[in-house]
Amino acid sequence: MDKGGGNTVDDLSSLRDHISASSESIDSRPSDSQSKPVTRPSIAQPDPSSWRIHDQSTPLSQHNNAQPMPASQPPTNTQPKTENFEFMKALRTIENKSDPCGGRYIYVHDLPPRFNEDMLKECRSLSVWTNMCKFTINGGLGPPLENVEGVFSDTGWYATNQFMVDLIFTNRMKQYECLTRDSSLAAAIFVPFYAGFDASRYLWGYNTSMRDAASLALVDWLMKKPEWRVMGGKDHFLVAGRITWDMRRLSDEDSDWGNKLLLLPAAKNMSMLVVESSPWNANDFGIPYPTYFHPAKDADVFIWQDRMMKLERKWLFSFAGAPRPGNPKSIRGQIINECKKSNNCKLLECDLGDSKCHSPSSIMKMFQSSLFCLQPQGDSYTRRSAFDSILAGCIPVFFHPGSAYTQYTWHLPKNYSKYSVFIPEDDIRKRNITIEQRLSQISPEEVKIMREEVISLIPRLIYADPRSKLETLKDAFDVAVQAVINKVTKMRRDIIDGRTDDDFIEELSWKYALLDEGQYVGAHEWDPFFSKPKGGNVETEDTSAEAAKNSWKSEQRGHS
């Protein structure tokens, strides 16, 4: 078997063996401080096989014999004694102003290699139609892209597979400046399980036992760890570069789609970061698909942003995609027909066989020459193309709120009209208005302001080169990690104060992240998009599973 990416596999077990820390000391530290955080070490020559740990106060081996205990349950009627909570030490680091990592420490579980690096050694099995081995090189970025047509920058561009987030995120974590070996200091705990790779390798032609084996083994492994007992896993998070529907199988019938990782009771306590989340569930959170741009330094980003602002854009709108003739609800056919009839629309038709949609250069060139880029649903709500278009400074046009607005609430502004245009799908189906009419109503000054907003979002939507780290800018990884930390910190403070979410309605999960401070969940203009049939959710969930299956078939097109 070809081990194409084998020699680039990062040794996750090196957490114990390779510790990199700089020597600059921090003054005025409290005498009882257990950690010794230091300024971020130089990243000019990063060691891709080592984790940058910032303190060595508590060797992992001290925890090995500890016995797991049930997670503490916050009382609702009495004020708890804060000293009883094992996470108090972690919260106190926030108050230590001389600690640059206070409140930001991440502890990384040292998983057995079967949960991560062993999957990469069998990279040919990660997809039915695509040899993923070449995409695992360069820390998950894939092979470099040559700037033959002048569409890209000369450095930082790679033929990145859209489902490589497992590897990119884990390798970015190795450059995180506040890793700790002392889990009692951790603001959150990262589980470097390649959940997306695990789901993808067994989706077609395997029974449910095989599909679920790694998920069940992972949960079993985690629940035996002392770190788990502190909050019953609610301070744990992991990443899957697949859509949520690949991991939400409803039954144990072999004919059903995917595995059931996200439905396991223990997994429901953890936060799962996926490229598409479920609007009706509370344990997954949307993070951006990877684009082709992975800068190694801030200057690369600034130069690119400046260039995207100055481009002449001759097309009013454009679309890259394939029709969905088998889906009667899809509006893609109407979008393609309108684009073909318009003198102001550029179309890249994507289908089986030779297509310019397989060319990152062709796609980015079109987006760079367009004011607006149409982003309808694919087989599922989301598509990588939305992030490619924003990277090109093209204002995205969405037709369903689940394509971005309810998905990437950590990374995108709540006020979606600042950076995008929303045209409800029914307006297209009922021909209430043409896309060209709607976009032509936006004044040139408004377009300029929106484009500036789109281009300002670029840093937080891209994944920096995992072999380095941006100096001042926060990328998609940084934004996601901070959001997880904020979530866990709030949860811990609620436990201390005895606050509970008794009124939380999981089926309305999509609404909560859209609320401003002090707002309550009520009727929303997007209710029709996410309403479930009366008498249960089987129809909706089955439709989502079917969409997930179709999205796999669409990978043959290379651009879904």
Side-chain angles (χ1 to χ4, degrees), residues 71-74 76 188 195 199 215 219 231-240 242-251 256-287 380-382 400-410 414 480 483-484 486-495 498-545 547-548:
S72 304
Q73 296 296 324
T76 54
S215 297
V219 165
M231 294 184 69
K234 291 183 178 180
D235 53 359
H236 285 49
F237 70 107
L238 61 163
V239 174
R242 299 292 320 189
I243 62 176
T244 189
W245 314 111
D246 289 336
M247 294 163 282
R248 289 191 175 279
R249 193 187 69 248
L250 293 176
S251 80
D256 272 7
W257 180 251
N259 68 36
K260 61 180 180 183
L261 170 62
L262 286 172
L263 296 177
L264 298 177
K268 287 183 177 181
N269 282 356
M270 296 187 278
S271 298
M272 173 69 85
L273 280 48
V274 289
V275 293
E276 176 175 319
S277 63
S278 162
W280 309 290
N281 297 98
N283 59 327
D284 57 357
F285 302 87
I287 60 173
S380 62
Y381 290 127
T382 64
H400 192 293
S403 294
Y405 308 147
T406 62
Q407 288 288 342
Y408 310 107
T409 55
W410 291 348
K414 286 183 182 178
V484 170
N486 293 344
K487 175 177 178 280
V488 174
T489 300
K490 180 183 183 300
M491 200 181 309
R492 287 171 169 175
R493 286 174 170 158
D494 285 348
I495 290 173
R499 290 192 296 267
T500 58
D501 283 333
D502 294 336
D503 297 326
F504 178 78
I505 303 171
E506 185 171 25
E507 193 172 304
L508 302 180
S509 289
W510 64 271
K511 293 188 179 185
Y512 286 89
L514 304 177
L515 299 177
D516 291 320
E517 194 69 34
Q519 281 188 317
Y520 294 92
V521 171
H524 196 284
E525 61 179 312
W526 292 336
D527 283 340
F529 288 95
F530 299 111
S531 60
K532 291 193 170 188
K534 292 181 180 178
N537 62 7
V538 174
E539 177 185 329
T540 310
E541 297 281 8
D542 280 354
T543 302
S544 301

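Keep in mind that the numbers below use all heavy atoms, side chains included, and drop hydrogens, waters and symmetry copies. These numbers come from a predicted model, not from an experiment.
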| Spacing of CZ belonging to Arg249 relative to OG belonging to Ser215, to within rounding of 0.5 Å | 9.0 Å
| request: For the pair Asp235 and Arg492, evaluate side-chain contact (heavy atoms from CB on, under 4.5 Å) and give the outcome as yes or no after the intermediate values. | output: CA-CA 9 Å; Asp235 53 359; Arg492 287 171 169 175; 3.4 Å; yes
| request: For Ser278 and Asp284, test the side chains for any donor-to-acceptor distance below 3.5 angstrom and give the result as yes or no. | output: no
| message | Could you tell me if the side chain of Asp494 sits less than 4.5 Å from the side chain of Thr500, heavy atoms only? | response | no
| said: Quiz question: by atom type and distance under 3.5 Å, do the side chains of Glu276 and Thr244 form a donor-acceptor pair? | reply: no
| message | If I compare all heavy atoms of Met247 with all of Ala195, which pair ends up nearest, and what's the gap? | response | SD-O, 4.2 Å
| query | Hey, does the side chain of Gln407 reach the backbone of Gly402 with a donor-acceptor pair shorter than 3.5 angstrom? | reply | yes
| said: Under a 3.5 Å distance rule, please check whether Asn269 uses its side chain to pair with a backbone N or O of Gly232 as donor and acceptor. | reply: yes
| Phe530 versus His524: any side-chain heavy-atom pair under 4.5 Å? | no
| request: May I ask you to test the Phe237-Val488 pair for a side-chain heavy-atom distance under 4.5 Å? | output: no
| field | Pairwise side-chain contact, Leu250 with Leu263, heavy-atom cut-off 4.5 Å (strictly under) | value | yes
| task | Could you give me the CA-CA distance, side-chain angles and deciding distance for Val274 and Ile243, then say whether side-chain contact (heavy atoms from CB on, under 4.5 Å) is met? | result | CA-CA 6 Å; Val274 289; Ile243 62 176; over 6 Å; no
| request: Could you tell me whether the side chain of Phe285 reaches within less than 4.5 Å of the side chain of Lys487, counting heavy atoms only? | output: yes
| query | Hey, is the main chain of Ile505 close enough, under 3.5 Å, to the side chain of Tyr512 for a donor-acceptor pair? | reply | yes
| said: Between Glu506 and Asn281, is there a side-chain heavy-atom distance shorter than 4.5 Å? | reply: yes
| query | Would you say the side chain of Tyr408 lies within less than 4.5 Å of the side chain of Ser277, judging by non-hydrogen atoms? | reply | no
| request: Kindly indicate, with the supporting measurements, whether the criterion side-chain contact (heavy atoms from CB on, under 4.5 Å) is fulfilled by Asp516 and Lys414. | output: CA-CA 9 Å; Asp516 291 320; Lys414 286 183 182 178; 3.5 Å; yes
| Nearest 0.5 Å, what's the NZ-CD1 distance between Lys234 and Ile495? | 6.5 Å
| Once you round to the nearest 0.5 Å, how far does CG of Asp527 lie from CG of Leu508? | 8.0 Å
| If only atom types and distance count, is the side chain of Lys268 paired as donor or acceptor with the main-chain N or O of Asn283 below 3.5 Å? | no
| task | Indicate the ring-plane relationship of Phe529 and His400, choosing parallel, tilted or perpendicular according to the 30° and 60° boundaries. | result | perpendicular
| field | Side-chain (Ser403) to main-chain (Tyr381) donor-acceptor, under 3.5 angstrom | value | yes
| note | Here the gap from Gln519 atom CD to Lys511 atom NZ, rounded to the nearest 0.5 Å, amounts to 12.0 Å
